[in-house]
2 protein chains.
Amino acid sequence: MATSIFIVDDHYMVIEGIRSLLQNEKGIEWTGHAMNAASCLAFLKKQQPDVILMDINLPDKNGIDLCKEVKEKYPSVFIIGLSTFNQQSFIRKMMENGASGYVLKNATQEELKEAIDAVIKGKVFLSEDVSQTLRKEETPNIVLTRREKEVLELIADGMTNIEIAQKLFISVTTVDTHRKNLLAKLEARNTASLVRIATQLHLI
Amino acid sequence: MATSIFIVDDHYMVIEGIRSLLQNEKGIEWTGHAMNAASCLAFLKKQQPDVILMDINLPDKNGIDLCKEVKEKYPSVFIIGLSTFNQQSFIRKMMENGASGYVLKNATQEELKEAIDAVIKGKVFLSEDVSQTLRKEETPNIVLTRREKEVLELIADGMTNIEIAQKLFISVTTVDTHRKNLLAKLEARNTASLVRIATQLHLI
DNA sequence: GAAAATATCCTGTTTTTACAGGATGGACAA
DNA sequence: TTGTCCATCCTGTAAAAACAGGATATTTTC
């Protein structure tokens with residue numbers, strides 16, 4: 001029985017590329033595509049493919065959240081993350097949210113086929129580059145609290161501690177404490193590197 | 001006579017997608033592809049296509065610089081910029097460096113064909129979204145000097161004025177002046193927003 | 001060759017951050 | 001129930017950045 005495939009990606013060229021790569025593969029059946037999260041969910045209500053290839057960057061919702069939602073509603077569907085970025089934090093979050101694999105957009109036809117074959121058997125598939133990144137970048141998964149994220153956002157917006165304190169109805173010293181903890185958690189030396197690192201980790 | 005096309009993009013899926021979109025088009029001849037700037041330049045030494053579709057993000061060199069280099073060496077080749085980002089600064093720089101058009105990766109088959117037809121006739125082609133962005137975002141093209149960029153980088157790296165001064169063999173007050181000018185140019189309130197804005201404008 | 005842009009330097013003040021080293025109460029889990 | 005985590009608050013000091021308001025020499029550009 002053929003494996004049915006569905007694609008979610010907002011780039012027409014990528015959809016077309018994947019379709020072209022897979023169209024001559026035996027045992028793979030193309031069931032359609034969506035260019036945003038909403039139409040993906042709409043499709044799934046009617047029909048569930050075996051595998052979804054899911055881009056991380058979507059116009060209406062990020063792939064990480066969509067992945068979680070899809071897996072909650074349709075646990076039997078296997079999801080393969082798809083993006084241009086070989087970024088540890090993204091990949092980890094995708095896998096945490098139930099994805100079975102992750103490939104980069106520069107993947108070859110063979111790699112893509114291999115990924116689909118693997119996940120359909122219940123295995124986990126990561127591109128060579130991806131698993132290497134996961135091994136190499138031993139970033140111990142930085143977790144910020146709700147409040148810390150809030151403060152971080154406002155810092156990046158250029159607000160001073162005093163302004164942040166007023167905005168959040170807390171003391172300036174509390175803001176300072178959060179700031180201190182942010183610097184420690186992200187191993188930043190000062191505000192500049194804090195914002196830089198936070199940006200690189202896609203925390204803001 | 002058929003229009004010959006060459007693609008530079010580091011994503012295999014995108015190359016395949018474009019090829020798939022164009023393969024049945026009459027009057028378009030696919031001459032090949034490169035996945036980095038170096039092999040693009042190597043190809044051009046042997047053969048010059050009519051049109052190059054060129055991604056902005058390449059592993060070895062950015063498309064903006066590559067565009068300039070190609071246009072200097074082979075002025076008769078038309079270049080169409082290609083990227084996922086609908087970003088004013090990128091588009092403007094591409095056009096300044098001699099590109100004849102700019103399309104996004106979510107372009108349709110018709111749009112792509114239209115773009116090729118237009119540039120081959122010497123016209124300028126911009127996707128609807130792209131030209132809208134150019135009109136809307138009236139960001140008066142922020143230009144930083146060599147030194148300012150240098151200082152900006154070091155600030156984002158978390159260095160203090162004193163450290164930057166030592167590194168660049170200049171006075172602390174000079175660094176402070178550059179910093180002042182950076183804040184003014186990027187309309188930032190402080191270091192945090194400076195780094196944020198600089199990141200958003202892809203200056204660092 | 002003149003004007004504009006760039007890079008350099010200065011004094012001084014105020015504001016903001018960074019850092020040290022705490023404490024307290026509440027929520028939640030083992 | 002006894003931790004652990006989180007959010008809150010505190011005092012005090014040192015360092016750094018922001019801001020004002022300059023000046024001067026060297027390139028670059030027209």
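A note on names: the letters A, B, ... follow the listed sequences, proteins ahead of strands, and every chain is numbered from 1.
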**Item:** Partner set under ring pair (Phe, Tyr, Trp, His ring centres under 6.0 Å) for A/F90, not counting sequence neighbours
**Value:**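 Scan of A/F90 (ring pair (Phe, Tyr, Trp, His ring centres under 6.0 Å), adjacent residues dropped) gives A/H202.
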**Asked** Quick one: ring pair (Phe, Tyr, Trp, His ring centres under 6.0 Å) partners of B/Y12, sequence neighbours excluded?
**Response** none
Ignoring backbone atoms, establish whether [X] has a side-chain N or O less than 4.0 Å from OP1 or OP2 of [N].
{"X": "A/H178", "N": "D/dA7", "answer": "no"}
{"X": "B/R146", "N": "C/dT6", "answer": "no"}
{"X": "B/T174", "N": "C/dA7", "answer": "no"}

Rounded to whole angstrom units, what separation is found between the [atom1] atom of [X] and the [atom2] atom of [N]?
{"X": "B/N181", "N": "C/dA5", "atom1": "CG", "atom2": "P", "value": "13 Å"}
{"X": "B/I164", "N": "C/dT8", "atom1": "CD1", "atom2": "C1'", "value": "16 Å"}
{"X": "B/K149", "N": "C/dA5", "atom1": "NZ", "atom2": "C1'", "value": "15 Å"}
{"X": "A/E148", "N": "D/dA7", "atom1": "CD", "atom2": "P", "value": "6 Å"}
{"X": "B/E150", "N": "C/dT6", "atom1": "CD", "atom2": "P", "value": "15 Å"}
{"X": "B/L182", "N": "C/dA7", "atom1": "CG", "atom2": "C1'", "value": "13 Å"}
{"X": "A/L154", "N": "C/dT17", "atom1": "CG", "atom2": "P", "value": "12 Å"}
{"X": "A/I170", "N": "D/dC10", "atom1": "CD1", "atom2": "P", "value": "11 Å"}

**Asked** For B/N86, which of B/N106, B/T133, B/D129 qualifies under side-chain hydrogen bond (donor to acceptor under 3.5 Å, both in side chains)?
**Response**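 When B/N106, B/T133, B/D129 are each tested with B/N86, the side-chain hydrogen bond (donor to acceptor under 3.5 Å, both in side chains) holds only for B/T133.
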State which residues pass side chain to side chain donor-acceptor pair (under 3.5 Å) with [X]; sequence neighbours excluded, sorted by chain then number.
{"X": "B/K113", "value": "B/D117"}
{"X": "A/T84", "value": "none"}
{"X": "A/K185", "value": "A/E148"}

**Message:** Please encode protein proximity along nucleotides 16-30 of chain D as a string of B, S and -, counting only heavy-atom distances under 4.0 Å.
**Reply:** SSBBBB---------
**Asked** For B/E69, which residues count as a salt bridge (charged side-chain N to carboxylate O under 4.0 Å, His left out) partner, sequence neighbours excluded?
**Response** B/K61, B/K73
When you compare the protein's N or O atoms with those of nucleotides 27-30 of chain C, which come within less than 3.5 Å of each other, and at what distance?
none

**Asked** Quick one: do the B/S127 and B/E111 side chains pair a donor with an acceptor below 3.5 Å?
**Response**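 Yes, B/E111 and B/S127 have a side-chain donor paired with an acceptor closer than 3.5 Å.
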**Asked** Roughly how bent is the helix from C/dG1-D/dC30 to C/dA30-D/dT1 end to end, in steps of 10 degrees, with each end axis from five pairs?
**Response**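 Result, rounded to 10 degrees: 60°.
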**Request:** Any pair with a residue in residues 29-56 of chain B that passes salt bridge (charged side-chain N to carboxylate O under 4.0 Å, His left out), sequence neighbours left out, goes on the list, sorted by first then second residue, please.
**Result:**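 Output for this query lists B/D55-B/K105.
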**Request:** For A/S131, check side-chain contact (heavy atoms from CB on, under 4.5 Å) against everything at least two apart and list the hits.
**Result:** A/L126, A/E128, A/R135
**Request:** State which residues pass side-chain contact (heavy atoms from CB on, under 4.5 Å) with B/E163; sequence neighbours excluded, sorted by chain then number.
**Result:**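 Once residues adjacent in sequence are excluded, the partners of B/E163 under the side-chain contact (heavy atoms from CB on, under 4.5 Å) criterion are A/R189, B/M159, B/T160.
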**Asked** Is there a donor-acceptor contact under 3.5 Å from the side chain of A/N36 to the main chain of A/D10?
**Response**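 It does not hold such a pair.
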**Message:** For a quick check of understanding: with a heavy-atom distance under 4.0 Å over all strands, which category does B/T145 fall into, base, sugar-phosphate or nothing?
**Reply:**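 Here B/T145 touches the backbone only, sparing every base.
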**Request:** Check every strand shown and say whether B/S171 touches a base, only sugar-phosphate, or nothing at a heavy-atom separation below 4.0 Å.
**Result:**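 It contacts sugar-phosphate atoms only.
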